[in-house]
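See structure below.
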Amino acid sequence: MFKNPSLGNSDSSKEPEQTKVPLTINLQENLQHINNSLGNSSDIVIREIQIGSERQIKAAIIFTDGLADSKSIQNFIMESLMLNIANADPNHLITSQEDIFQVLKDHFLTAGDIKDVTEWGPLLTSLLSGDAILLLEGYSKGFSIGMRGWKDRGVTETTTETVIRGPKEGFTESLRTNTALIRRKIKDPNLWLETKEIGRVTKTDVAIMYIKGIVSDDIVKEVHARLDRINIDGILESGYIEELIHDETYTPFPTIYHTERPDIIAADLLEGKVAILVDGTPMVLVVPIVLISFFQAAEDYYQRADISTLIRILRFISVFISLLGPALYIAITTFHQEMLPTQLLINLAAQREGVPFPAFIEALMMEVSFEILREASLRLPKAIAQSISIVGTLVIGSAAVEAGFISAAMVIVVAITAISSFVLPAYNMAMTIRMLRFLMMGLAASFGLYGIIIGVIAIVLHLCSLRSFGVPYMSPLAPFILEDQKDTLFRMPRWAMFSRPRMISKNNIIREQSTPPEKPQDNTGG
Amino acid sequence: MKRKGLLLCIFIILLIFVTGCWNRRELNDLAIAVGIAIDKSGNQYKVSAQVVEPGEVSGKKGGSVAPVTLYQATGDTILEALRQMTTISPRKIYLAHIRILVLSESLAREGIRDSLDLMSREPETRNDYFIVVAKQATAEDMLKILTNLEKVPSIRLFSTLETSAKQWAPTTTVNLDKLISELVSEGRHPVLTGLNVIGDKKIGESKKNVETVPSPADMQYSGLAVFRKDKLIGWLSDEEGKAYNYIDNNIKSTVGHVNCPDGGKLSLKVIRSNTKVKGSLRDEHPRITIEVQSEANVGEVQCHLDLTKTETIAEVEKLADRKTEEFIEKTIKKVQQEYKIDIFGFGEVIRRSYPKAWKKLKKNWDQTFVNIPVNVKVTHKIPYLGKISNSFLEDMKE
Amino acid sequence: MPENVKISIRQFTVLVMLITIGDSILVLPSIAAFEAKQDVWISGLIGLAVGLLAVYIFSMVGKLYPHLTLVQSIQEIFGKWFGTFVSLMFLFYTFLSVVAHTRETGDFVTSVMMQETPTQAIQILFVCIVIMAVRLGLEVIARTGEIFLPWIIFFFLILVILLSPQAEFEKLQPILENGIKPVLHGSLSCIAFPFMELVVFLMIFPYVNQPQQIRKGFLQGVLLGGIVLIIIITVSILVLGPDHTARSMYPTYSLARRVTVGRFFERVEAMLALMWTLTIFMKVTLYFYIFNLGLAQLLKLKGYRMLTLPVGLLLIVLTPVISPSITYFNKVISKYWPYFDLTYGLLLPLLLLAVYFVRTKFKRSTN
Amino acid sequence: MLTGMLFIVAIIIAIEVPPLWRKKLKKELWAFSLLLLFGTILGLAQALEFKIPNPLDWVISVYKPVSDLMDVWLK
């Protein structure tokens with residue numbers, strides 16, 4: 001229906017016309033070509049200089065203002081080329097007979113990352129990535145010198161995934177910073193990083209990170225294969241990648257996890273998962289993922305096991321409420337009144353006296369207005385958002401009850417449902433639950449509890465059929481893996497979590513061999 | 001294929017929405033019946049349903065309107081009568097929350113069988129309400145009295161019966177399951193608790209009843225109705241009711257008194273009681289042994305006794321044993337001679353222990369029951385004396 | 001081979017257990033108690049013993065051709081024409097079972113919870129998710145079973161534990177009041193419903209990844225499922241008494257109505273009842289899967305998925321046909337169905353074994 | 001009832017036939033069509049209130065002797 005009708009190469013062939021074209025010998029022509037290709041963009045700086053002991057060689061330094069660090073260019077390129085060469089050791093004098101490039105590279109350019117470029121494609125790409133380009137008259141090649149340095153948000157505290165205990169730093173929009181943040185946590189040589197460039201126009205850097213020896217090679221291969229299959233003009237956020245590589249589109253459940261916390265990524269890498277970092281977004285993807293991962297917060301592993309277990313159980317309960325709360329209320333009050341204790345039934349009936357809508361419509365109205373409030377407060381500046389939520393909850397809620405549109409019990413149900421849905425650490429999973437909630441409400445309104453159970457069966461069937469990069473989504477519950485139960489419904493003490501998830505890291509599953517801490521021998525005799 | 005699956009899902013969901021909602025009934029479409037009373041008028045049944053006025057019952061508002069209302073209709077069958085109520089009531093009578101079912105004595109004398117079938121067949125009803133008999137009155141009167149403490153009279157009737165059965169013992173809580181299993185059993189006849197109105201019925205029907213202290217009219221449980229199969233044949237008094245509950249092992253706690261040797265009385269709070277009924281067979285003749293083990297605390301002393309001595313306690317225990325034995329025996333005698341039917345389930349006891357002999361005995365069990373020798377053995381244990389040991393009466397010199 | 005999936009031995013055991021519990025948890029106590037009265041627990045024990053024996057025979061049949069499903073091995077053993085006929089009869093049996101179980105579910109939900117809702121609507125919804133499950137394949141069915149099992153066990157335990165204060169052991173007396181014959185009569189349904197119907201598992205033997213452990217897993221599953229059934233039968237008798245058990249349509253539902261903890265946790269029977277729709281769902285799903293798979297194998301089709309929707313339609317159409325009234329249906333289920341089960345659950349495997357051995361003997365002697 | 005029935009049949013055809021057709025699975029298509037036809041005919045017959053033979057009656061007729069024998073024997 002929505003598939004691209006012409007998946008051929010008609011439009012994709014136009015763009016890379018320049019990639020293979022070589023540079024010319026003429027410097028002016030080259031510069032002209034750059035100006036033409038980039039449409040005389042004003043942020044491209046072309047600085048023509050003359051180098052050599054007798055200033056006999058014409059050269060040009062080209063860089064993108066704002067992306068390249070102009071101070072470094074002055075210090076490490078211009079200074080070297082313009083001053084140092086003139087004062088250089090006569091042995092290294094630049095004469096036109098020698099390969100000047102080699103000489104420059106070996107003796108003069110005091111920069112770390114220098115690459116030869118001979119074709120226009122790579123040249124423009126590295127220019128637009130922030131590198132400085134050095135071209136010389138008479139040579140059909142140039143240098144791309146790593147001078148990237150742009151204004152960056154810097155590593156700050158995460159705003160979407162906050163914790164009480166644990167590291168506060170979050171990823172930034174810069175890929176390099178992000179990989180560095182991970183490397184800082186895992187200093188093992190087996191932590192491998194592979195980079196790809198995806199997006200015909202945006203040419204976004206996408207990095208795959210994993211720990212060789214722990215990760216299952218099949219998964220890495222699969223990740224590569226799926227990334228290579230992508231043919232798109234641009235990648236602006238990791239969400240693009242997520243949608244293009246996940247296993248199943250027709251599912252409300254996310255089969256790829258994303259986070260902006262380096263510690264979560266590090267923990268996932270240690271479990272044998274693969275991280276996909278995309279330049280330009282702090283959201284890092286993790287594959288493969290199972291349903292249970294959305295219930296595990298980073299904090300679970302920093303707090304003591306008993307606290308974590310209780311909180312995790314609380315999370316399951318709140319997901320249950322969030323998914324089924326209004327549905328159960330509708331089913332019980334419109335189909336199964338015999339389930340209510342007499343006194344409660346009388347109270348609820350008294351509240352509903354005069355409410356003009358059926359319970360289902362009542363619930364639907366409340367749920368929809370809650371979703372509107374939630375979305376509105378999300379988009380507004382923080383200060384206004386608070387007042388909106390006060391207006392929404394207090395004023396509208398109590399006014400609706402006073403006016404007799406809504407029964408008070410329904411307000412309570414919707415409120416507790418709404419709050420429960422925020423308990424999940426993963427926002428996208430919370431959204432899934434919200435969507436399914438409406439489905440369950442519909443089923444409850446037409447078939448009561450029977451409808452709910454049918455809905456639950458359908459959801460479980462669907463969950464069981466999902467896979468994330470070949471790993472069953474419901475593992476380790478189904479297929480049931482006894483050893484992996486230590487971190488599923490409960491979080492066992494650290495010393496008991498001795499192995500990695502069986503389904504994800506197929507080889508090398510032993511994780512630790514520590515023994516439970518023993519009590520010191522009491523020698524005081526007291 | 002996947003998209004087709006999605007299409008199918010959407011289709012199913014649409015189907016559900018379009019076709020669903022057969023059974024849906026909103027809370028404010030229900031007339032919640034909490035009590036049902038069945039009377040006989042001629043050949044027809046007169047059914048009264050006490051329906052809650054939710055707004056009046058639940059806290060906040062409350063005002064001029066009575067918390068309940070009573071719908072009445074007459075029909076050839078009970079279901080017809082119930083449905084006929086919709087000609088009066090704006091809402092359908094909802095039966096799942098019945099707390100009490102009152103049968104009139106005249107109906108009970110004719111047989112309650114037909115009234116019970118509906119209650120057990122109708123899927124809407126549950127089995128957790130109590131069934132009582134209106135003693136020497138019509139059943140509908142019982143649902144007309146307004147009550148205090150608990151605004152809904154039927155709920156009050158329910159909790160009154162439950163509390164009195166727990167604390168005082170002459171009444172017994174019978175729900176539908178129990179009644180039916182006793183009706184079909186070959187070795188047992190059912191009993192039901194009786195209910196009557198005390199005071200001025202007329203005032204009881206108006207709100208005035210709850211405005212004065214004490215209420216001019218109220219409802220009180222008293223006595224047990226004895227049934228031969230499904231027909232009422234007589235009544236047991238409160239004390240006999242207590243004996244019945246002793247034999248039925250139904251005593252949660254009760255109070256009884258013994259006469260002290262030197263006059264005066266001493267009352268005992270029974271806190272635990274366990275009864276074992278055993279049957280034995282001697283030359284084809286069944287015998288019954290009833291063993292009661294009670295634990296009782298001293299509740300009230302109105303005589304001179306030195307409770308600090310173990311001998312006194314033993315003596316009181318003996319007295320209590322004999323007293324209880326006496327009234328249990330008396331009750332059994334009365335039932336054997338007056339009603340001539342087995343309400344205690346002795347037949348069941350024999351059936352369980354001697355299935356072969358029972359096959360012969362069951363044909364005229366009730367005749368056998370009249371002459372069955374019953375041996376009652378009661379043992380009391382008095383572990384505690386309450387907050388004080390000897391009564392201050394001891395030290396109060398006159 | 002339409003399916004190329006494998007399930008683990010644990011999943012197999014879980015499936016066996018769920019199917020054993022199946023619809024029996026709802027109707028078995030009533031049907032068996034009708035004949036055996038208070039001795040129905042003995043019938044249950046006899047049923048379990050015979051059931052274990054039957055399962056042993058099933059696994060023997062399964063070992064004859066470990067890579068073939070029942071429909072295929074029937075053709076292998078009986079030859080093409082007679083084999084096809086027997087296979088068709090077997091498929092007729094599975095299909096009729098699906099129809100009957102769907103009808104049962106509809107009746108249950110309609111009569112205890114939603115009297116005014118047409119049974120057809122309930123059944124259509126039910127068949128929809130059954131088709132969904134079957135289209136997703138055996139692996140997903142097995143995993144779903146693994147997810148549901150803990151829930152079913154949990155709610156079962158809740159029911160039993162909460163009812164235990166109401167148990168009256170006198171209700172079991174007198175033992176063998178009318179001799180052994182009614183007990184045997186009662187055990188007939190205890191053998192047939194939960195255990196003989198397991199013959200369909202012969203259709204999924206080839207898909208178990210450790211074939212050498214099938215017998216152990218099968219016996220384990222049957223034992224656990226059988227214990228659950230015996231417990232529920234016994235609890236029915238202990239709490240409801242034999243008369244009430246035999247009189248109720250769904251004794252387990254009446255049991256759930258009895259649950260009450262301190263006047264606040266009560267009236268939960270609808271919740272508990274829905275848990276049993278899970279076991280029935282698993283049973284119907286597996287039967288439906290097996291019917292489609294068997295039909296596809298008989299016709300040598302490439303896959304069974306295209307059959308599911310037409311078969312589902314047929315199923316919906318036939319459910320009202322087979323049961324003009326609940327009395328007729330209950331009579332068929334309690335009086336004739338056990339023999340229907342026994343034909344395919346006992347006679348067919350024994351016949352297969354006999355013919356196989358005769359043929360191999362014959363072959364050996366001719367060689 | 002009738003229109004709903006035909007609607008469902010149409011949906012089933014729309015879901016299943018195109019992929020089968022595309023893959024040229026002749027035999028599968030035949031099996032599918034026959035089953036669907038059978039179901040549709042039965043459904044229509046039912047909607048038009050024709051009497052459909054009850055398969056359980058066949059089961060009864062086969063097993064009645066056995067059942068009666070058992071009843072006598074186990075009385």
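Proteins come first, then strands; the chains are lettered A, B, ... in the order of their sequence lines, and each starts at number 1.
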Report task. Give a yes or no answer on whether the side chain of D/Lys27 reaches the backbone of C/Lys300 with a donor-acceptor pair at less than 3.5 Å. Result -> yes

Report task. Only counting residues at least two apart or in another chain, list the ones meeting ring-ring contact (aromatic ring centres under 6.0 Å, His included) with C/Phe126. Result -> none

Query raised in the report: Can you tell me how far the CD atom of D/Gln46 sits from the CD1 atom of C/Ile316, to the nearest 0.5 Å?
Result: 10.5 Å

Query raised in the report: Quick one: are C/Tyr336 and D/Leu56 in side-chain contact, heavy atoms under 4.5 Å?
Result: no

Report task. Check step by step if side-chain contact (heavy atoms from CB on, under 4.5 Å) holds for C/Thr343 and D/Tyr63. Result -> CA-CA 10 Å; C/Thr343 314; D/Tyr63 292 103; 2.7 Å; yes

Query - Most contacts with chain D, counted as non-hydrogen pairs under 4.5 angstrom, among C/Leu299, C/Thr308, C/Leu314, C/Val321 - result: C/Val321

Requested in this report: Measure D/Val62 against the heavy atoms of chain C and call it side chain, backbone, both or neither at under 4.5 Å.
Outcome: neither

Query raised in the report: Would you say the side chain of D/Pro55 lies within less than 4.5 Å of the side chain of C/Phe95, judging by non-hydrogen atoms?
Result: no

Report summary line: Shortest non-hydrogen pair, D/Asn54 vs C/Pro324, comes out as ND2-CD, 3.9 Å

Requested in this report: Give, as side chain, backbone, both or neither, the part of D/Leu35 having an atom under 4.5 angstrom from any heavy atom of chain C.
Outcome: both

Query raised in the report: In terms of heavy-atom proximity below 4.5 Å to chain D, should C/Ile180 be classed as side chain, backbone, both, or neither?
Result: neither

Query raised in the report: Going from CG on D/Leu25 to CG on C/Leu301, what distance comes out if it is rounded to the nearest 0.5 angstrom?
Result: 9.0 Å

Query raised in the report: Just by modelled atom types, is the C/Gly303 backbone N or O under 3.5 Å from a matching donor or acceptor in the D/Glu28 side chain?
Result: no

Report summary line: In terms of heavy-atom pairs under 4.5 Å with chain C, the winner among D/Gly39, D/Ser67, D/Ala31 is D/Ser67

**Report entry** Side chain proximity check, D/Ile60 to C/Tyr328, heavy atoms < 4.5 angstrom
**Finding:** yes

Report task. Could you pull out all residues at least two apart from C/Pro242 that satisfy side-chain contact (heavy atoms from CB on, under 4.5 Å)? Result -> C/Lys37, C/Gln38, C/Ile237

Report summary line: Applying a strict 4.5 Å limit to non-hydrogen atoms, the region of D/Lys64 in contact with chain C is both

Query - Which atoms of C/Ile322 approach chain D - backbone, side chain, both or neither, heavy atom under 4.5 Å - result: both

Report summary line: When the 4.5 angstrom heavy-atom criterion is applied to C/Pro338 and chain D, the contacting part is neither

**Report entry** C/Phe329 atom CZ, neighbour heavy-atom count above 12 within 6.0 Å
**Finding:** yes

Query raised in the report: Are D/Val59 and C/Tyr339 close enough that some pair of their side-chain heavy atoms sits under 4.5 Å apart?
Result: no

Query raised in the report: In terms of heavy-atom proximity below 4.5 Å to chain D, should C/Val332 be classed as side chain, backbone, both, or neither?
Result: side chain

Query - D/Lys23 side, atom NZ; C/Met306 side, atom CE - distance, nearest 0.5 Å - result: 8.5 Å

Report task. Count the heavy atoms belonging to other residues, nucleotides or ligands that lie under 6.0 Å from CZ of C/Phe34, then report whether that count exceeds 12. Result -> no

**Report entry** Proximity breakdown for C/Leu188 and chain D, heavy-atom pairs closer than 4.5 Å
**Finding:** side chain

Requested in this report: Could you look at D/Leu42 and say if it's the side chain, the backbone, both or neither that has a heavy atom under 4.5 Å from chain C?
Outcome: both

**Report entry** Part of D/Ser33 within contact of chain C (heavy atom distance under 4.5 Å)
**Finding:** neither

Query raised in the report: Is it the backbone or the side chain of C/Leu184 that comes under 4.5 Å from a heavy atom of chain D, or both, or neither?
Result: both

Query raised in the report: Hey, what do you get for CD1 (D/Ile12) to CG (C/Leu313), rounding to the nearest 0.5 Å?
Result: 5.0 Å

